Amino acid sequence: MNTPKRYLITSALPYANGLKHIGHLAGAYLPADIYVRYLKAQKRDVVFVCGSDEHGTAIPIQATKEETTARAIIDKYHPIMKQNFSDLGIEFDIYHRTSDPLHHETAQEFFTKLNDNGDLEIKESEQYFDEQANSFLADRYIKGTCPNCNFPGAYGDQCENCGKSLSPDELINPVSTLSGNPPIKKLTKHWYLPLNRHEDFLRNWILKEHASDWRPTVVGQCKSWIDGGLQPRAVTRDLDWGVKVPLKEADGKVLYVWFDAPIGYISATKQWALNNEKDWRPYWEDKDTKLVHFIGKDNIVFHCLIFPVMLKLHGNILPDNVPSNEFMNLEGDKMSTSRNWKLDMQDYIDDFIKKENGGSQMADVLRYYLTLIAPETKDSEFTWQGFQDANNSELVSIFGNYINRSLVLMHKLCKGKVPPLHNDGLTDLDRATIEEIEACKQKVENLLEQYKFRDALFEVINLARTGNQYMQKKEPWILAKQVDADGNVIHEAQQSIDNTLHICLQLCANLAILINPFLPFTARKICHLLKVVDKILDWKNAGKMKLLSVGYTLRAPELLFRKIEDSEITYQLEKLKAASVKREASVVSDPVTAKTEEPVAANSPVKPEIVFDDFAKIDLKVGKIVSAEKVEKVDKLLKLSVDLGFETRTIVSGIALHFAPEEIVGKQVTVVTNLAPRKMRGIESNGMILMAEDTNGKLHFINPETEIDPGAGVS
RNA sequence: GGCGAGGUAGCUCAGUUGGUUAGAGCACAGGAUUCAUAACCCUGAGGUCACGAGUUCAAAUCUCGUUCUCGCUACCA
């Protein structure tokens, strides 16, 4: 493996619509920071960029929720996120933002080049338009009744009640959230990135060239997408929040957020270059640059398929690796912002780092545990108990304790000075220990180069364990009891004590260097205790045994980590559960989006008023199920034959998860008989069975109290 | 239903191209020790490697089936 000339490391741009939780931290920011700190300790040429992603419809939506403007939202969250990262020791070379003019220029230039080269397609389509607001409506700006669960406040892209992804066309009774009026359909023009043109490139590049050096989950996910068929993807949309499409004919259109966001890496690099009087170009154009994207698995498609296609078309380098992490669960459940099941970085900072017994050592504790359980190969599990255990029995008991006992012993047995190493007195154990220090450096290095952060961290802790074992075997405190008539330790014993503590202290210094990428605050604190400058943390010093000069006075020991009490853990567990329960309770009385919605949807779960004639259009009849069978290869559908008196019809109904075919034959049901026919799975459905859903989500038939003749009208 | 990733000790996870009694850390039990934040150190117990077949001299590892979890995707008039 030859060393690249320079590195460009990116962490996924966090979306500036709210606080970010530790799942995000563990997925994209912490591993990147560790990697970057390691590279920098190696004195490599590396730039670590990140920034806030401030476009997309969710920003104005959040603004409505908080009753403010989009600009105010991003100006609120950008500095908070920046500070959160800083408090946790995530040290970007630049934390930029996509609202910056430089980014707008960069994104526009990117679009223009692709468009000029004919790499984009233009298509016209009908989209919902709000006449009063004179504006096309993003999916998120259309609300209506969810066709899946009948929740009246479903958005055009997703129903927040049942979680189903939707398209605006699926909504029943769509309404614009801008004016409250039903939208009309209007023709609009959009630019598309034809991913389908690049299937061969992607297949070859990922599935062949990177089949073995990328993580299996990443390659697998890409394969799944590619095999599923790549579609042209809209690059622009009708919205007034974002990067304006740089074409006269595209007034009122902006770049789709997925298109402009990754370009944010480039504009961030440009800004960094401006700040530091550097040239940004080689970082994105020179083949000798190693580009690495750190992301969570939800971002794989963008960073492995879409953005590389964009980069290739634009003439940039491609990522060398995209070490995506899986997800981190919390106490047995998925982390979720909407269900409030999470631990925000901000909350951890408030509850641990900013406390009197906290400080930056607590930032390192979180970094330690998150790295220990990093979801590198599969989803992992954050538990507060695990957090406490990792701290108390590893950081405190093994690592912190080793450093502490080394310093304490040195003060007691070596007069507070680094003792000399008497070469003629070296034992096999001494030599073996020295060799282990050197070997540890190599192990950590190899693992980090392969993005195996968890294993790398283990090796460092293991070196502390080695130190403990070594000290235990040498027992300098026992040797110190061998005194002569004057009470002085006899010569041979003192020599052995000197050698032991000399090696122990050099090992401490090595620990500082090796732990530095993972726990930077701790590394600096060790340097302070050893009275050495931070320069010693250069990676090239690792494995060396001459980091501390003989005879040098060291500081009095201070503890590196404190124990975490049971009460702190119970407090967090209760807090987590309380917040999540509160959330559930509030959903019942006050729908997810209550504050912002039109009164109708917010205050009463009733659809807009209609007149009798509207109702009279619907033809409802009682029918009787005469046969039922499961539609093959589909989860939810049953094919029913329903006797309506005057005829027997085939109706396909999505109730298979609730009823077995045999148990519903003979049941009476209410049928909408004049609904337009619709084909599902190749079967034409002529009508619709009315169902009621209880609070548990279970479906119930709507039928007459006692059996009556099929075909009876309902009104 | 399709595709992808998983199911290994109480917990969190390793297990390279199939090869001797399946590993680590933590937790647990016993012992030893006191320099150290009752920390460290030593020893030990603990697994039908989700389940069932098959290929093989040999399977946690390969093949097929079943089942469960996660992600993407399809179906809901």
Side-chain angles (χ1 to χ4, degrees), chain A residues 146-150 162 164-165 170 172 215-229 297-298 300-301 326-327 329 334 369 372-383 385-386 388-390 392-398 400-413 452 454-455 457-458 461-462 464-465 467-480 497 500-501 504 557-563 630-638 651-657 672 675-683 685-691 699:
Chain A
C146 173
N148 187 42
C149 69
N150 286 323
C162 66
K164 160 118 179 114
S165 303
E170 295 177 275
I172 301 162
R215 290 184 177 170
T217 47
V218 174
V219 176
Q221 197 60 234
C222 292
K223 185 175 187 308
S224 179
W225 278 93
I226 296 171
D227 288 347
K297 71 171 164 184
D298 51 332
I300 290 177
V301 62
E326 301 292 291
F327 286 154
N329 295 328
K334 275 193 276 199
Y369 184 53
L372 196 71
I373 60 164
E376 289 173 4
T377 56
K378 51 186 164 191
D379 290 357
S380 71
E381 181 82 22
F382 182 106
T383 63
Q385 184 64 57
Q388 183 190 25
D389 285 346
N392 291 359
S393 53
E394 292 178 34
L395 276 184
V396 173
S397 299
I398 296 172
N401 181 42
Y402 173 74
I403 304 267
N404 185 244
R405 67 197 296 213
S406 296
L407 284 166
V408 169
L409 268 182
M410 181 272 302
H411 276 94
K412 287 190 178 171
L413 307 181
K452 293 184 176 175
R454 203 164 48 184
D455 292 345
L457 179 57
F458 175 82
I461 297 303
N462 211 32
R465 195 172 275 122
N468 278 322
Q469 290 163 347
Y470 169 72
M471 198 183 282
Q472 199 67 33
K473 286 175 191 154
K474 299 275 301 206
E475 296 183 312
W477 53 90
I478 303 279
L479 293 174
I497 291 171
T500 301
L501 284 183
C504 281
E558 291 168 42
L559 298 180
L560 290 176
F561 302 102
R562 69 169 177 87
K563 286 216 163 190
K630 194 142 178 354
V631 177
E632 279 186 25
K633 298 188 174 184
V634 183
D635 289 342
K636 294 186 182 173
L637 297 183
L638 289 185
I651 295 177
V652 179
S653 183
I655 57 174
L657 293 178
V672 183
L675 196 65
R678 160 110 179 196
K679 262 198 178 179
M680 281 177 277
R681 280 277 148 180
I683 306 164
S685 178
N686 296 286
M688 170 176 166
I689 310 283
L690 295 189
M691 305 295 296
L699 298 182

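Values below: every heavy atom of this structure, side chains too, minus hydrogens, waters and symmetry copies. All values derive from a computational prediction rather than experimental measurement. Lettering of chains follows the sequences in order, A, B, ..., and the numbering in each one begins at 1.
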So what's [N] paired with, Watson-Crick or G-U wobble, going by both distances under 3.5 Å?
{"N": "B:C28", "value": "B:G44"}
{"N": "B:U56", "value": "none"}
{"N": "B:U67", "value": "B:G7"}
{"N": "B:C75", "value": "none"}

Would you mind telling me which of [options] lies closest to the side-chain atoms of [X]?
{"X": "A:Asn468", "options": "B:C70, B:C40, B:G7", "answer": "B:C40"}
{"X": "A:Ser393", "options": "B:G71, B:C26, B:A36", "answer": "B:C26"}
{"X": "A:Leu559", "options": "B:C26, B:G4, B:U37", "answer": "B:U37"}
{"X": "A:Lys334", "options": "B:G71, B:A36, B:U34", "answer": "B:G71"}
{"X": "A:Ser224", "options": "B:C3, B:U12, B:C35", "answer": "B:C3"}
{"X": "A:Glu394", "options": "B:A36, B:G25, B:C70", "answer": "B:G25"}
{"X": "A:Lys297", "options": "B:G71, B:C26, B:C13", "answer": "B:G71"}
{"X": "A:Arg454", "options": "B:U37, B:C13, B:G71", "answer": "B:C13"}
{"X": "A:Trp225", "options": "B:C72, B:G71, B:C26", "answer": "B:C72"}
{"X": "A:Arg465", "options": "B:C26, B:U34, B:C40", "answer": "B:C26"}

Run A:Arg465 and A:Asn468 through side-chain hydrogen bond (donor to acceptor under 3.5 Å, both in side chains) and show every step you take.
CA-CA 5 Å; A:Arg465 195 172 275 122; A:Asn468 278 322; over 6 Å; no
So what does [X] hit on the nucleic acid, given a heavy-atom distance under 4.0 Å: a base, only sugar-phosphate, or nothing?
{"X": "A:Thr383", "value": "nothing"}
{"X": "A:Phe561", "value": "base"}
{"X": "A:Val396", "value": "base"}

Given side chains that start at C-beta, do those of A:Arg405 and A:Trp477 come closer than 4.5 Å, heavy atoms only?
yes
Gap between atoms [atom1] and [atom2], on [X] and [N] respectively (whole Å):
{"X": "A:Leu560", "N": "B:A36", "atom1": "CG", "atom2": "P", "answer": "16 Å"}
{"X": "A:Glu558", "N": "B:U37", "atom1": "CD", "atom2": "P", "answer": "14 Å"}
{"X": "A:Ile300", "N": "B:G71", "atom1": "CD1", "atom2": "C1'", "answer": "9 Å"}
{"X": "A:Met471", "N": "B:C40", "atom1": "CE", "atom2": "P", "answer": "13 Å"}
{"X": "A:Arg215", "N": "B:A5", "atom1": "CZ", "atom2": "P", "answer": "16 Å"}
{"X": "A:Phe382", "N": "B:U12", "atom1": "CZ", "atom2": "P", "answer": "14 Å"}
{"X": "A:Leu372", "N": "B:C11", "atom1": "CG", "atom2": "C1'", "answer": "12 Å"}

Donor-acceptor pair, side chain of A:Tyr402 and main chain of A:Cys504, under 3.5 angstrom:
yes
Verify, without hydrogens or angle tests, whether A:Glu376 (side chain) and A:Arg454 (backbone) share a donor-acceptor contact under 3.5 angstrom.
yes
Given that A:Ser397 and A:Lys452 both sit by RNA chain B, which one's nearest nucleotide is further toward the 5' end?
A:Lys452
Of A:Ile398 and A:Tyr369, the one whose closest nucleotide on RNA chain B sits nearer the 5' end is A:Tyr369
Salt bridge (Lys or Arg N to Asp or Glu O under 4.0 Å) between A:Lys297 and A:Glu326: does it pass, once the steps are laid out?
CA-CA 5 Å; A:Lys297 71 171 164 184; A:Glu326 301 292 291; 3.4 Å; yes
Does a side-chain N or O of [X] approach OP1 or OP2 of [N] to a distance below 4.0 Å, or not?
{"X": "A:Lys412", "N": "B:A36", "answer": "yes"}
{"X": "A:Ser406", "N": "B:C35", "answer": "no"}
{"X": "A:Lys563", "N": "B:A39", "answer": "yes"}
{"X": "A:Gln221", "N": "B:G71", "answer": "no"}

Considering only the P atoms, how many Å lie between B:G15 and B:A24, rounded to the nearest integer?
15 Å
Sticking with atom P, work out how far B:U16 lies from B:C62, rounded to a whole angstrom.
9 Å
Correct closest heavy-atom pair for A:Leu413 and A:Ala480 would be CD2-CB, 3.6 Å
Just by distance, no angles: are the side chains of A:Gln385 and A:Asp389 close enough, under 3.5 Å, to form a donor-acceptor pair?
yes
